[in-house]
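Following: one structure in structure tokens, then a few remarks.
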Amino acid sequence: MDMKNIYAQSLYKELGAFLSLSELEKLIETPTYDTHGDLAFPCFVLAKQFKKSPALIASELSATINHPLIERVKADGPYLNAFFNKKSISEQVLKHILTDQQQYGSTHIGKGKTMTIDFSSPNIAKPFSMGHLRSTVIGQTLSLIAEKCGFDVVKINHIGDWGTQFGKLIVAYKKWGDKARVRAQPIMELFELYVRFHQEAERHPELEQEARDAFKQLEDGDEASIQLWTWFRDASLQEFKRIYDLLGVSFDSYHGEAFYNDKMADTIQELDNKNLLTESDGAEVVELTNEELPPCLIKKSDGATLYATRDITAARYRKKTYDFDKMVYVVGHEQRLHFQQVFAVLNKMGYDWARNMVHVPFGFILKDGKKMSTRKGKVVLLEEVLKEAIQLAKKNIETKNPNLANKDDVAHAVGVGAVIFHDLKHERNHNIEFDLEDMLTFEGSTGPYVQYTHARACSILRKAKRDIDIESFSGLTDSYSFTVIKKMLDFPHAVTRALKDYEASHIAKLLLELARAFNQYYSQVKILQHDSELNDRLALVQSVTIVLREGMRLLGMKAPEEM
RNA sequence: GUCCCAGUAGCUCAGUUGGAUAGAGCAACAGCCUUCUAAGCUGUGGGCCGAGGGUUCGAAUCCUUCCUGGGACGCCA
């Protein structure tokens with residue numbers, strides 16, 4: 001039920017000669033204040049054509065609108081305000097949600113289409129920092145949203161398991177490494193070696209060249225180097241798996257950069273065949289002057305490949321393997337230029353599917369207003385933050401609800417939910433200042449607040465001890481319940497907007513608004529009392545649990561029934 | 001230097017496609033649990049929407065210049 005569309009159609013009957021249906025729909029807005037009704041149509045644009053004041057137009061139009069779902073319209077200055085019929089709309093919305101259940105808000109936009117989503121993509125031998133959290137949770141939620149909209153989704157973890165950094169690591173390990181210590185604590189130990197490399201390289205710049213040589217050796221298939229690389233890779237993946245389990249994230253493919261090692265020669269050959277390669281300072285590049293971009297570096301002067309080479313190769317492989325209709329990269333916005341170049345090169349190669357590739361950037365998690373630097377060892381470990389959040393949730397349960405069953409499961413859901421929601425409620429392109437205290441807050445606009453609201457609603461349903469009769473709604477008419485109804489009515493729109501903008505915060509914000517509306521309703525209206533509207537009120541409560549649960553599911557959160 | 005992103009309450013942030021009186025949360029203060037989970041609700045205070053100029057009936061929103069912060073800009077990823 002699209003009320004904006006319904007109102008637009010009513011207006012269209014009168015104004016069809018002057019404005020199209022979609023123009024009308026664009027003009028209609030949601031008023032800021034309840035006293036202005038549920039939808040408003042500003043009449044300014046018609047003033048010139050009609051040669052009348054907007055106020056007069058609004059007033060004249062007010063007599064012509066007639067629709068069963070619109071109780072009344074009222075001209076208020078230049079605006080024509082529509083007031084919904086609470087009774088029939090609430091009846092329809094509740095019936096709709098209780099019928100569709102978790103399918104509420106699903107669409108077929110992506111039916112028969114495949115979307116590949118490249119996200120998380122941590123680097124081997126580096127700890128999983130807060131910085132990787134964003135890519136991971138954003139990618140996860142976009143996957144779920146795309147699935148809800150009908151896409152076949154392929155989740156790809158493009159592990160950073162290749163590149164000069166491995167040269168650095170191999171050099172560092174050979175110089176200062178200790179087998180037993182790496183065995184015991186692979187990532188931390190390797191990370192320390194990595195950090196030490198950069199410290200030493202400041203005094204001994206020749207190390208950088210050693211690292212490049214070591215990587216070249218690795219790329220050329222040197223046995224000992226490969227052995228080290230395999231060891232580092234396996235150990236790292238094992239640790240990553242722990243974090244993914246904590247977050248409830250899974251992937252369809254773990255093909256990292258190294259996977260494309262034997263496929264890059266073909267890409268370079270293809271670029272050469274199409275006369276796109278030029279030599280520059282001993283390196284091979286693709287000039288992108290027409291695209292107003294700096295040249296894209298394909299091959300270093302020592303013959304080793306680069307990041308871009310692997311991404312171009314990966315794109316070709318994925319097109320061949322998955323035949324995607326959309327390829328999404330959830331990667332930090334500092335790599336914007338890189339993706340512009342990669343897409344431009346693919347376009348130059350004559351692949352028209354290059355225009356179906358999209359970089360979904362996101363801002364950094366800043367520490368004291370600055371980007372956290374992996375090289376200097378300044379990172380906050382995600383696993384520690386998650387564990388701390390879970391512990392805090394547990395503590396809260398012990399004081400607030402000590403008799404709760406399965407406390408650990410709930411603590412896990414709430415702690416992880418707090419961290420995920422804290423990230424996703426922010427607009428993805430903005431930088432976030434890292435604030436542990438803020439992240440571990442469970443009150444106000446937080447994940448636990450939404451979860452708590454859901455648990456409260458579930459509790460009422462348990463206590464009601466009766467089934468809801470979908471066939472006998474009479475509709476609700478009070479303004480508290482109607483605010484809740486309207487938020488639920490907006491949910492499908494929030495989902496499609498989230499898909500269109502690759503912006504999960506649309507859903508997170510709607511959930512907060514719905515939760516707030518429901519809590520206000522809860523404090524004002526006694527739900528469990530036996531009167532003629534009980535069935536409708538329970539339907540409202542049930543609907544709220546459905547929408548909140550489904551919304552949280554889309555964000556990658558759990559929705560405990562008690563907490 | 002060039003390009004990209006951001007600047008809204010003390011702090012963290014909302015504010016579809018330009019619309020009526022710019023909203024939440026946190027923090028501060030004052031209330032509300034013999035009644036459905038107080039991780040909640042209600043109220044109070046708090047704002048030249050970074051600055052100037054422009055477009056428009058109308059600008060936090062669009063254009064432009066400047067200021068501030070962050071990022072990217074060939075052999076890292």
Between A:Asp438 and A:Lys500, just flag the one whose closest nucleotide in RNA chain B comes earlier from the 5' side. A:Asp438
Nearest-Å distance for atom pair CD1/P, residues A:Ile28 and B:G18: 16 Å
Is any side-chain N or O of A:Thr441 closer than 4.0 Å to OP1 or OP2 of B:C26? no
Side-chain N,O (A:Lys425) to OP1/OP2 (B:G25) below 4.0 Å: no
Enumerate all atom pairs, one protein N or O and one N or O from nucleotides 44-50 of chain B, separated by less than 3.5 Å.
none

Let's see if you can work this out: which of B:U17, B:A20, B:G74 has an atom nearest to the side-chain heavy atoms of A:Asp76? B:A20
Under 3.5 Å, is there a donor-acceptor pair between the A:Asp311 and A:Tyr329 side chains? no
Integer angstrom distance from the C1' of B:G74 to that of B:G69: 27 Å
May I ask you to say what A:Val525 touches in the nucleic acid, namely base, sugar-phosphate or nothing, with a heavy-atom cut-off under 4.0 Å? base
Pick out the pairs of N or O atoms, protein on one side and nucleotides 2-7 of chain B on the other, that lie under 3.5 Å.
none

Could you please name the option among B:C75, B:C13, B:U16 that lies closest to any side-chain atom of A:Thr30? B:U16
Under the salt bridge (Lys or Arg N to Asp or Glu O under 4.0 Å) definition, can you give me all pairs with a residue in residues 414-428 of chain A, not counting sequence neighbours? A:Arg134-A:Asp423
Restricting to ring-ring contact (aromatic ring centres under 6.0 Å, His included), what partner residues turn up for A:His426, sequence neighbours left out? A:His422
So what's the dot-bracket for RNA chain B: Watson-Crick or G-U pairs under 3.5 Å, [ ] if a pair crosses, | if it pairs off-strand? (((((((..((((.....[...)))).(((((.......))))).....(((((..]....))))))))))))....
Proximity to RNA chain B (any heavy atom under 4.0 Å), residues of residues 49-58 of chain A only: none
Assign A:Glu257 to base, sugar-phosphate, or nothing according to its heavy-atom contacts below 4.0 angstrom with the strands shown. sugar-phosphate
Any stacking of A:Phe44 on B:G19, going by centres under 5.5 angstrom and planes within less than 30 degrees? yes
Quick one: list whatever passes ring-ring contact (aromatic ring centres under 6.0 Å, His included) with A:Phe215, sequence neighbours left out. A:Trp162
Give A:Asp302 one of three labels, base, sugar-phosphate or nothing, depending on what nucleic acid heavy atoms sit under 4.0 Å from its own. nothing
Taking any heavy-atom pair under 4.0 Å as a contact, classify A:Leu306: base, sugar-phosphate, or nothing. sugar-phosphate
Would you indicate what A:Ala47 reaches in the nucleic acid, counting non-hydrogen atoms under 4.0 angstrom: base, sugar-phosphate, or nothing? nothing
Salt bridge (Lys or Arg N to Asp or Glu O under 4.0 Å) pairs, two or more places apart, involving residues 436-448 of chain A: none
List the residues meeting ring-ring contact (aromatic ring centres under 6.0 Å, His included) with A:Phe232, not counting sequence neighbours, and say none if there are none. A:Tyr173
B:G74 C1' sits how many Å from A:Leu277 CG, rounded? 15 Å
Across the strands shown, which category fits A:Leu337 at heavy-atom distances under 4.0 angstrom: base, sugar-phosphate, nothing? sugar-phosphate
Regarding A:Thr164, tell me which of base, sugar-phosphate or nothing describes its non-hydrogen contacts under 4.0 Å with the strands shown. sugar-phosphate
Looking at B:A24, I'd like to know if its phosphate oxygens (OP1 or OP2) sit under 4.0 Å from a side-chain N or O belonging to A:Lys509. no
Pairs where residues 28-41 of chain A contributes a residue and the test salt bridge (Lys or Arg N to Asp or Glu O under 4.0 Å) is met, not counting sequence neighbours: A:Asp38-A:Lys486
Quickly work out the A:His422 NE2 to B:U12 C1' distance and round it to whole Å. 8 Å
Hey, does A:Asn81 reach any base, or is it just sugar-phosphate, or nothing, if we go heavy atoms under 4.0 Å? base
Taking the P atom of each, how far is B:C62 from B:G18, in whole Å? 8 Å
Say you pick atom C1' in B:C49 and the same atom in B:A24; how far apart are they, in whole Å? 16 Å
Kindly state each residue pair satisfying salt bridge (Lys or Arg N to Asp or Glu O under 4.0 Å) with at least one member in residues 277-287 of chain A, sequence neighbours excluded. none
Separation between the C1' atoms of B:A6 and B:A14, rounded to whole Å: 15 Å
How does protein contact run along nucleotides 37-42 of chain B, one letter per nucleotide 5' to 3', with B for base contact, S for sugar-phosphate only, - for none, heavy atoms under 4.0 Å? BSBSSS
Result for 5'-nearest mapping on RNA chain B, choosing between A:Glu25 and A:Gly160, is A:Glu25
Nearest-Å distance once atom P is located in both B:A60 and B:U16: 13 Å
Describe the nucleic acid contact of A:Glu29 in one word from base, sugar-phosphate, nothing, applying a heavy-atom distance below 4.0 Å. base
Touch class at under 4.0 angstrom, heavy-atom based, for A:Lys48 against every strand present: sugar-phosphate
Quote, to the nearest angstrom, the P distance that separates B:C48 from B:G10. 7 Å
